[in-house]
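In what follows, a structure is listed as structure tokens, so that the remarks can point back to it.
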There are 2 protein chains.
Amino acid sequence: MSVVRRLAATSTVLLPEHKPPGSRGVILEAALRLFAERGYVGASVREIAEASGVKPATLYAHYPSKEHLLAELCRVGHEEHRRSVRAALLNSGTDPRDQVIAYVRAHVGMHTAFPMLAVVANGELHALSAELGAATFELRRQSEQVLADIVQRGVDRGVFDVPHVWLAVTAIGGMGLRVAYWYTPEYELDAEQVADVYAEYALRILGAAPLNLRRETRGDSS
Amino acid sequence: MSVVRRLAATSTVLLPEHKPPGSRGVILEAALRLFAERGYVGASVREIAEASGVKPATLYAHYPSKEHLLAELCRVGHEEHRRSVRAALLNSGTDPRDQVIAYVRAHVGMHTAFPMLAVVANGELHALSAELGAATFELRRQSEQVLADIVQRGVDRGVFDVPHVWLAVTAIGGMGLRVAYWYTPEYELDAEQVADVYAEYALRILGAAPLNLRRETRGDSS
DNA sequence: ATGTCAAACGAACGTTCGTTAGTAATCTGC
DNA sequence: GCAGATTACTAACGAACGTTCGTTTGACAT
């Protein structure tokens, strides 16, 4: 057995709305857990089948190949990310600072709520062939671009002061990505608090000008 | 072929001082490249041997198993990280702000100079058995603790103002980790500039009080 | 009872995996 | 130029891989 797990989370694997009914859903969820824990190559079809309470042959009655399982998970993961970010931005104002808060809270929230989905969708995307991965890859590019556009608008409006826009995007995105690997519901802070703190860090990275209604919330979550 | 590479870098794989002489070194370097590009499970002994210009059986005259190859790479990676951070801290002052700059510059510098080593040492560590991975895992824990201690000292001295110490450590560490995946020498900024910008972002995350000699360097690298 | 159909099955396919035994080639020190 | 050690080789091992084949099962409609 390994000395260190690939990710800390162990439960809440797949949302009901992402999970197909019947065996399809059971198999997909088992694949998600095993891909997250052992990686795509390290998880065998036989293990996935056994974890689903099904024989390996049955798996191929529901999915044409192991790779299609991964493709489905990557697609679901990135679509949930986009859905979550879009909903958050629709509920935020036009101020780039509010939008950054909304984006980072949604971004981090996705990685705390569905850590396995996030780990697989981001960390195993490279295992997909060009044909099966192209659509998902485009989704990821768009999500990055959304944040980049927000940051750029903030710089143009003078509310952000940042040495380098794209490096700020990679920094903010990167620190959020890592959350999926260490967060568990047993952590001393709940997901909401982690998201709030990371949103504050993002604003600090961006050198955000103080927002009258927000600044006093800075130190209240330690 | 995949639509997206696992990491962007393709060269400068292993430092001479990390590379054993003769075939041992050639094999280790080939293993590093293949582990970084395809993952530990995804890279086969036959591929590593072929990339080394050697037959599979020869590999076992130099390393007792495939896992020992990974263990060696994880160890080298984390020891280079510790060496780099230690050297940087010895050349920095006692002010926690200087120490954070030193740490982040070394941290990011390691991930730009040896992206493959960083990707393997961090991203494949979980594939090691408890026996082979314990020492390296302890190295990683110590490196994290070094940063945590610096941040805590800064908070105690009143030069940092941060909502949550450990979340700041994960954020700073996480954004640096991700650099190994996207940085290439062809990037618009060189490694030094990336490290400088990330060091600035780290200070911002920590809400660092202005340092007289430093503050005017904030916007000069965009 | 009989026919239909989706779902699951046992068994096996050819391939690749990490690894090893035994042997030939090459270098080192005298 | 020979002995001993090192290095690399050919060939093969058992196990596991993703996948497919032909069949059986169980529920429901005729």
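In what follows, chains carry the letters A, B, and so on, assigned in the order in which the sequence lines appear, proteins first and then strands, with residues in each chain numbered from 1.
Going from atom OH of A:Tyr40 over to atom C1' of D:dC17 covers 12 Å, rounded to whole Å. Distance, A:Ile27 CD1 to C:dA7 P: 11 Å, rounded to whole Å. The distance from atom CG of A:Leu59 to atom C1' of D:dT19 is 10 Å, rounded to the nearest whole Å. Distance A:Leu69 CG to D:dT19 C1': 13 Å, rounded to the nearest Å. Across the protein-nucleic acid pair, B:Lys66 atom NZ and C:dT16 atom P stand 15 Å apart, rounded to whole Å.
With distances taken from any side-chain atom of A:Val45 to the nucleotides D:dC9, D:dG18, C:dG18, the minimum falls on D:dG18.
Using a 4.0 Å heavy-atom cutoff across all strands shown, A:Ala43 reaches sugar-phosphate atoms only and no base atom. Counting non-hydrogen atoms under 4.0 angstrom, A:Ala57 reaches a base of the nucleic acid.
Side-chain polar atoms of B:Ser129 and B:Glu131 form no donor-acceptor pair below 3.5 angstrom.
Taking side-chain N and O atoms only, B:Tyr60 has a distance below 4.0 Å to OP1 or OP2 of C:dT19. For A:Ser44, no side-chain nitrogen or oxygen approaches OP1 or OP2 of D:dA16 to under 4.0 Å. The side chain of B:His62 contributes an N or O atom lying less than 4.0 Å from OP1 or OP2 of D:dA8. When the side-chain nitrogen and oxygen atoms of A:Thr58 are compared with OP1 and OP2 of C:dA7, none of them lie within a distance under 4.0 Å. OP1 or OP2 of D:dA8 has at least one side-chain nitrogen or oxygen of B:Ser23 nearer than 4.0 Å.
When each of A:Arg46 and A:Lys55 is assigned the nucleotide of DNA chain C bearing its nearest heavy atom, the one mapping closer to the 5' terminus is A:Lys55.
A:Thr184 approaches A:Ala9 most closely through the heavy-atom pair CG2-N, 4.0 Å. Nearest heavy-atom pair across A:Leu125 and A:Gly133 is CD1-O, 4.4 Å.
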Side chain to side chain donor-acceptor pair (under 3.5 Å) between A:His164 and B:Glu188, intermediate numbers included: CA-CA 11 Å; A:His164 193 280; B:Glu188 110 189 47; 3.2 Å; yes
